[in-house]
Every structure is written in C-alpha cells, then in structure tokens.
There are 2 protein chains.
Amino acid sequence: MGRTSDAKERLMDSVLELIWTGSYGTTTIDQICEKAGVKKGSFYYFFESKSHLAAAAFDESWKVNRVKLDGIFSATLPPLDRLRRYCDYAYQFQSEIRQRYGKVLGCPQVSLGCEVCTQEDVLQQKIKQILEQKRKYIESAVRDAHAAGDIDAPDAEAKSKMIMAYYEGVLTQARIQNDVEVLRDAYLGVFAILGVRVCSIATAPAAKVQQLA
Amino acid sequence: MGRTSDAKERLMDSVLELIWTGSYGTTTIDQICEKAGVKKGSFYYFFESKSHLAAAAFDESWKVNRVKLDGIFSATLPPLDRLRRYCDYAYQFQSEIRQRYGKVLGCPQVSLGCEVCTQEDVLQQKIKQILEQKRKYIESAVRDAHAAGDIDAPDAEAKSKMIMAYYEGVLTQARIQNDVEVLRDAYLGVFAILGVRVCSIATAPAAKVQQLA
DNA sequence: CAATTAGTTTACCATACAGACAACTATACA
DNA sequence: TGTATAGTTGTCTGTATGGTAAACTAATTG
C-alpha cells in the first residue's frame with residue numbers, strides 16, 4: 001500500500017457543510033476543495049464529480065445519524081415517548097446549529113432533495129432512500145403505539161407518512177423563517193395527527209400523554 | 001412614450017418555470033434569456049440581477065395565485081370545506097403539472113425559499129412575505145371553524161402554522177418522491193391536526209365531516 | 001533499498017458566465 | 001413629421017468554473 005490520507009473525509013465534511021449552509025447549486029468544486037484544504041487534482045483523484053461526492057457524503061453522514069436515531073427511537077422506550085424525543089431532538093439540534101452557524105438550517109436531506117430532484121438522479125435516489133429509512137423509525141413507533149393501545153392507528157404506514165410530512169415540513173419552515181421557535185411545540189402537531197390528547201400543563205420533554213377517549 | 005414590449009413578462013414567466021422545474025442556483029441569466037427569447041442586453045434593461053427578476057416574478061405570480069385562493073377560501077363556504085378544497089386543489093394542480101412537465105414540482109415558494117434562504121436576502125424576504133399571506137387563508141378558515149363550533153381550536157394562529165407546515169410538507173414530499181399520490185389524502189392530515197373525525201366512507205371531494213365529540 | 005502503490009501538486013484548457021456598453025430601431029404623440 | 005422615449009441588438013471583457021494530465025512525493029512491503 002502507498003500512503004494514507006484523510007482528504008476524502010475532509011472533502012465529504014466540506015461538501016455537507018457547504019450544501020447545508022448554502023445550496024447544492026451554488027457550491028463549486030473550487031469552494032469544496034478550498035474548505036477541505038485539498039487541491040482540485042486530488043478531488044478528481046477521489047471523486048468523479050460533485051454529485052458523486054455529495055452522494056458519498058450524505059451516505060456517510062446518514063450512517064452517523066442513524067446511530068443517534070437508534071437511541072432516540074429505542075424500542076425500550078414507550079412508543080409515544082420516542083416520537084416526543086424525536087421532536088425535542090429537532091428543537092435542540094437546530095438550536096445548536098443556530099448557535100454555530102447563525103442560521104437555522106433545517107433538514108439537509110429535504111433541502112438537497114427538494115433542490116436537485118429534477119436534475120441529479122443518482123443523488124436524488126440516495127436522498128429518497130435515506131428519507132425512507134428515516135420514516136421507518138416513525139412507522140414502527142406508530143405501530144408499537146397502536147399495539148400498546150396508546151392510539152388508534154391501524155394503518156401505521158399512512159400515519160407515519162403524515163407525521164413525516166409534518167415533521168420535515170416544520171423543519172423546512174424553520175429554515176425558511178430562520179426561526180427555531182416553530183420547532184418548540186412540534187410534538188403537538190405529531191400528537192394531534194395521532195389523535196393523542198396532551199396534558200396542557202405538562203410541556204416538559206417527558207410530558208405525559210393520555211389516550212384519546 | 002416609446003414602444004411597448006412584453007419582454008419583461010416573458011422574462012418573469014421564464015424564470016418562474018426554470019426555477020420551478022429546476023433550481024434557482026443552476027438557472028443562468030443566459031438560460032432565462034434564451035427561454036424568453038430576449039437578448040441579455042434587454043435583460044439588464046429591465047432587471048438589475050437574477051434575484052431582482054426572481055423577486056418580481058414571484059410577486060407577480062402571487063397576485064394571480066391569490067385570486068385562485070380567494071375563490072377556494074371563499075367566506076361563503078363552510079370553513080372546513082375551504083380547507084378540504086385547498087387540499088383537493090393541491091392534488092389536482094400537481095397532477096396537471098405532472099402531465100405538463102413529467103414531474104411533480106411541489107410548491108415554488110417553499111422550494112425557492114428553502115434553497116436561497118441563507119444566500120439571497122431580498123428574495124428570501126419576498127418569499128417569507130408570500131408564505132405568510134398564504135398562511136392567513138388557513139388561519140381565518142380555522143378561526144371560522146372554531147367560531148362555528150366545528151372544531152375546538154382557540155389558538156387559530158398556532159393551528160394554522162401546524163397545518164401550513166403539514167401542507168407544505170406534503171407538497172415537498174410529493175416533489176422529492178415525484179409522486180402525486182401522497183397528496184390524494186392530504187386532507188386527512190389537516191383534519192387530524194384539527195381533531196376532526198372524517199367519515200371513513202365519504203372520501204369524495206365534498207366529504208362530510210363531523211365534529212369530534 | 002528497489003518497486004509498487006497511494007496520494008499530491010501545479011499548470012493548463014475550453015467554456016460558461018455575469019455584466020457593461022454603444023449603436024441601433026421602433027413607437028407614441030405633440 | 002420630428003423628436004423624445006422605450007426597447008433591442010451585438011459585441012466585448014474579465015473571471016469563475018469544470019475538467020485533464022503529467023510530474024512529483026511519500027509510505028509500504030518484499
């Protein structure tokens with residue numbers, strides 16, 4: 001073997017940040033290289049194009065993200081708590097992002113997917129696949145909640161699609177409005193979709209929820 | 001006065017279509033001009049930049065769209081019917097778009113807003129303003145529904161924000177998935193958020209709805 | 001320590017792009 | 001019918017961009 005390098009990782013980190021804080025279309029290969037501290041020749045040594053880099057970067061990033069979601073959606077937790085935690089996570093995470101970048105950036109997959117869906121097919125397929133996997137967490141929480149008698153949701157898939165649309169929708173609104181506060185009560189929308197009545201007093205993260213009569 | 005021209009309108013039409021079918025970042029002034037059948041010199045005669053053109057185009061387009069929404073949200077209709085019509089409209093409209101362009105394109109304002117929010121401030125303000133006006137339709141329908149006793153929603157603004165996030169979220173999913181079918185039952189999510197129980201049999205556009213006990 | 005593999009660097013090319021400008025032309029209307 | 005006004009056209013410039021290729025360097029291993 002020859003020498004080793006982390007240039008590939010640096011390129012992936014850079015493209016993720018540039019796309020997220022800006023957009024796919026306006027981030028150039030030169031910018032990516034400069035941010036990563038990598039010469040363009042090396043870029044083309046590792047990746048054949050911007051879209052290939054982006055696809056690889058989102059793939060890699062998803063592997064990390066998945067671990068976090070595995071924790072949030074742990075099967076040891078009551079199913080509705082999992083969804084509640086997922087909403088709280090969005091608020092906390094976007095607040096940190098706001099601190100770091102001065103802007104609320106929302107969901108990288110949706111932003112990119114929405115931007116490139118008519119143009120970059122390989123990348124788009126990758127995004128769709130990641131989003132579908134994300135939805136599965138919601139689906140199984142809904143199914144478990146139904147099985148536990150917490151909610152009445154015989155069609156977990158349909159419900160999970162509604163929740164997904166809402167959840168990602170709120171994140172998108174947060175990005176567009178550049179405001180984290182729209183995320184604070186995101187769980188209310190999720191629980192409304194599920195027909196769960198929330199105790200109006202308990203708004204702390206571990207809010208108690210009651211089954212709808 | 002000298003001679004008149006519709007080049008300005010053609011430029012606005014072109015930029016709208018190019019952004020919607022593609023993205024803001026990848027549409028160039030040359031492309032816009034070519035599509036509009038206008039030379040670049042004329043472009044700069046009418047607009048000082050791409051972002052100024054886009055802002056003007058979205059502004060103009062909103063004026064047309066508003067008339068349509070005024071009809072859908074007519075105060076003469078029962079408030080929940082208005083929301084139902086709004087959902088049906090999304091499905092019908094996106095189906096037509098699908099026919100014409102071969103792709104589901106979703107909501108132009110959200111797609112653009114999501115893409116440029118960290119980069120183009122003037123344009124972003126315009127988008128935020130249009131989206132806020134769109135939300136007002138939902139808010140007043142919710143308020144009327146509450147007043148009529150159809151639903152229990154004392155905070156119409158909060159509910160309208162939830163519905164907005166969900167509605168635009170579904171449109172975004174439709175764009176990303178390139179699938180109109182996710183829009184077919186969009187009204188179910190809206191009504192779930194409002195705590196309305198929908199007759200499971202009546203799924204036709206004029207579905208009857210009942211107040212939640 | 002040679003040979004091989006892995007990664008880096010620099011220079012380069014063609015094209016696409018934003019933006020400017022001066023010369024030109026059509027139209028309204030006084 | 002002349003002239004101010006409105007709109008058009010072609011050309012030009014500098015730079016940013018994607019993409020290539022060849023020379024170079026560092027680690028690894030037999």
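Because the structure is a prediction, the values reported are computed rather than measured. Each chain gets a letter, A, B and so on, in the order the sequences are listed, and its residues count up from 1.
- The nearest whole Å value for the distance from the CD atom in Gln31(A) to the P atom in dT17(D) is 7 Å.
- One interatomic measurement links the two molecules: CG of Asp6(A) to P of dA6(C), which rounds to 17 Å at whole-angstrom precision.
- Dense packing is recorded around CD of Gln133(A), with more than 12 heavy atoms of other residues, nucleotides or ligands lying under 6.0 Å away.
- The distance from atom CD1 of Ile97(A) to atom CD of Gln94(A), rounded to the nearest 0.5 Å, is 6.5 Å.
- Glu34(A) has its CD atom 16 Å from the C1' atom of dG18(D), to the nearest Å.
- For Phe46(A), taking side-chain heavy atoms from C-beta onward, the closest of the listed nucleotides dG7(D), dG7(C), dA18(C) is dG7(C).
- Here the side chain of Tyr45(A) is nearest to one of dA6(C), dA18(C), dT9(D), namely dA6(C).
- Taking CG from Asp144(A) and CD from Glu139(A), the interatomic distance works out to 10.5 Å, rounded to the nearest 0.5 Å.
- Between Lys39(B) and the phosphate of dT8(D), there is no side-chain N or O to OP1/OP2 separation shorter than 4.0 Å.
- Note: CZ (Phe47(B)) to P (dA18(C)) measures 16 Å, nearest angstrom.
- The aromatic rings of Tyr101(A) and Trp20(A) stand perpendicular to each other, their planes meeting at an angle above 60°, with 30° marking the opposite boundary.
- If you take CZ on Arg184(B) and CG on Asp179(B), they are separated by 10.0 Å, rounding to the nearest 0.5 Å.
- Between the CG atom of Asp30(A) and the P atom of dA16(C) there is a distance of 17 Å, rounded to whole Å.
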* Structure fact -> Reading nucleotides 19-30 of chain D from 5' to 3' and marking B where a protein heavy atom lies under 4.0 Å of the base, S where only the sugar-phosphate is that close, and - otherwise, the string is BBB---BSBS--
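- The aromatic rings of Tyr89(B) and Tyr86(B) lie parallel to each other, with less than 30° between the two planes, well short of the 60° mark.
- For the residue pair Gln119(B) and Thr26(A), a side-chain donor N or O sits within less than 3.5 Å of a side-chain acceptor on the partner.
- Judged by the 6.0 Å and 45° rule, Lys50(A) forms a cation-pi pair with Tyr24(A).
- What separates CZ of Phe43(B) from P of dA20(C) is a distance of 11 Å, to the nearest Å.
- Residues of residues 112-124 of chain B having a heavy atom closer than 4.0 Å to DNA chain D: none are found.
- With pairs defined as Watson-Crick or G-U wobble and both atom distances under 3.5 Å, the stems of at least three pairs that touch DNA chain C come out as C:1-30 with D:1-30.
- Using a cutoff of 4.0 Å between basic side-chain nitrogens and carboxylate oxygens, Arg84(B) and Asp88(B) are scored as salt-bridged.
- Counted by atom type alone, Lys161(B) and Gln173(A) present zero donor-acceptor pairs between their side chains at under 3.5 Å.
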* Could you please spell out the steps behind the side-chain hydrogen bond (donor to acceptor under 3.5 Å, both in side chains) verdict for Asp70(B) and Tyr137(B)? => CA-CA 8 Å; Asp70(B) 284 338; Tyr137(B) 287 99; 2.7 Å; yes
